[in-house]
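First comes the structure, then the notes that go with it.
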Amino acid sequence: MKVTIVGAGNVGATCADVISYRGIASEVVLLDIKEGFAEGKAMDIMQCATTTGFNTKVSGSTNDYSKTANSDVVVITSGIPRKPGMTREELIGINAGIVKSVAENVLKHSPNTIIVVVSNPMDTMTYLTLKATGLPKNRVIGMGGALDSSRFKYYLSKALDKPSNDVQGMVIGGHGDTTMIPLTRLASYNGSPVSDFLSQEQLEKVAADTMVGGATLTGLLGTSAWYAPGASVAYLVDSILNDQKKMIACSVFLEGEYGQDDICLGVPCIIGKNGIEEIVSIKLNDSEKALLAKSADAVRNMNADLKSVLA
Ligand SMILES: NC(=O)c1ccc[n+]([C@@H]2O[C@H](COP(=O)([O-])OP(=O)(O)OC[C@H]3O[C@@H](n4cnc5c(N)ncnc54)[C@H](O)[C@@H]3O)[C@@H](O)[C@H]2O)c1
Ligand SMILES: O=C(O)C[C@H](O)C(=O)O
């Protein structure tokens, strides 16, 4: 199974590293516009093969899309990340043009591929990819919910003082500081509601910390995060390539689901060899429904800025 990752920067290279280390794909091609950069990252990763013990073939390409031919999955991480104090939405001006041209180029060589969109603002970039390529909705997947949910479980585990892997929870909605919706009511500690162990005040703090999880790391690092983002993409790619049918919150084109139309937004999806295989309808209460509608409004406003790129 072959995976191409466009953008060999922090997130793209970390994703290639996790995919190869965990043997998720037999081949990974890293592609970047910067001369020699992807080749260098690929060589560095390949030099881990004998010490960490993997057999995936990782190679690099400077903007030569012929090397990406017949990829089963293409991950788009190309574009600029935010700096401290910025929102993801401010990246749209530069990233929209990059994501559109990258999506068109990859399809010339891998017409049957599934595209995973990572570049920010991710929900809008997913919508752009879908509209610009005309691909069916199952083959365009926005990655954000997997990462936001892992951060949610991290903050829950800290509040509970229990291991992250004993905590279940999901974040839906847009992948933005004010648009994501950590579903605290449905989160559990090994099957028991977390509200049995945490006060309302603690749960509200967990939700608030989760929502600004990316901004917190950007403030600390000077650029946005990459370890958890790269690993979250690899987790999603694993479910596609190995047909795991995991339920993962992903940004997907909605046509009536959750009362929304003509938008890509994070909702729970079954992810398998056909990409998005099902949009799972979970029962939201009235306040969660209202938050989702508000989140959709904000993402829809952002999508309106795509008019010139899509014209
Ligand atoms: N969806 C998410 O959960 C999530 C998580 C983390 C980062 N991101 C986003 O992912 C993007 C990448 O972040 P990063 O930290 O890896 O940035 P980075 O700057 O480290 O890497 C981006 C790479 O893209 C390359 N690039 C730019 N234009 C290109 C083009 N036309 N073709 C090929 N490559 C090109 C750059 O040369 C660079 O190496 C950002 O937009 C960031 O906001 C999203
Ligand atoms: O925070 C960012 O800008 C990058 C990414 O979307 C993240 O959540 O880490």
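Atoms considered below: every heavy atom in the structure, side chains included; atoms not considered: hydrogens, waters and symmetry mates. We're numbering straight along the sequence, starting at 1. These numbers come from a predicted model, not from an experiment.
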#### Entry: Side-chain donor-acceptor pair present, Ser110, Asn70, cut-off under 3.5 Å
no
### Query
Any luck finding a side-chain donor-acceptor pair between Thr124 and Asn303 under 3.5 Å?
yes
### Task
Identify the two heavy atoms, one from Ile282 and one from Tyr258, that lie closest to each other, and give their separation to 0.1 Å.
N-OH, 2.8 Å
### Query
Are Ile76 and Met125 joined in one hydrophobic group, where the rule is that I, L, V, M, F, W and Y side chains link up if heavy atoms are under 4.5 Å apart?
yes
### Message
Ring centroids only, cut at 6.0 angstrom: are Phe54 and Tyr21 within range, meaning strictly under it?
### Response
no
### Message
Do Thr62 and Glu39 pair up side chain to side chain, a donor and an acceptor below 3.5 Å, judged on atom types alone?
### Response
yes
### Task
Output all residues satisfying side-chain hydrogen bond (donor to acceptor under 3.5 Å, both in side chains) with Asn285, sequence neighbours left out; order by chain, then residue number.
Ser287
### Message
Within a 6.0 Å radius of atom NZ on Lys294, are there more than 12 heavy atoms belonging to other residues, nucleotides or ligands?
### Response
no
### Query
Do Gln47 and Asp44 have a side chain donor and acceptor closer than 3.5 Å?
no
### Message
Hydrophobic clusters here meaning ILVMFWY residues chained together by side-chain heavy-atom distances under 4.5 Å, can you tell me if Val58 and Val233 are in one?
### Response
yes
#### Entry: Under 3.5 Å side-chain donor-acceptor pair for Ser157 and Ser164
yes
### Query
Between Tyr127 and Asp262, do the side chains contain an N or O donor and an N or O acceptor separated by less than 3.5 Å?
yes
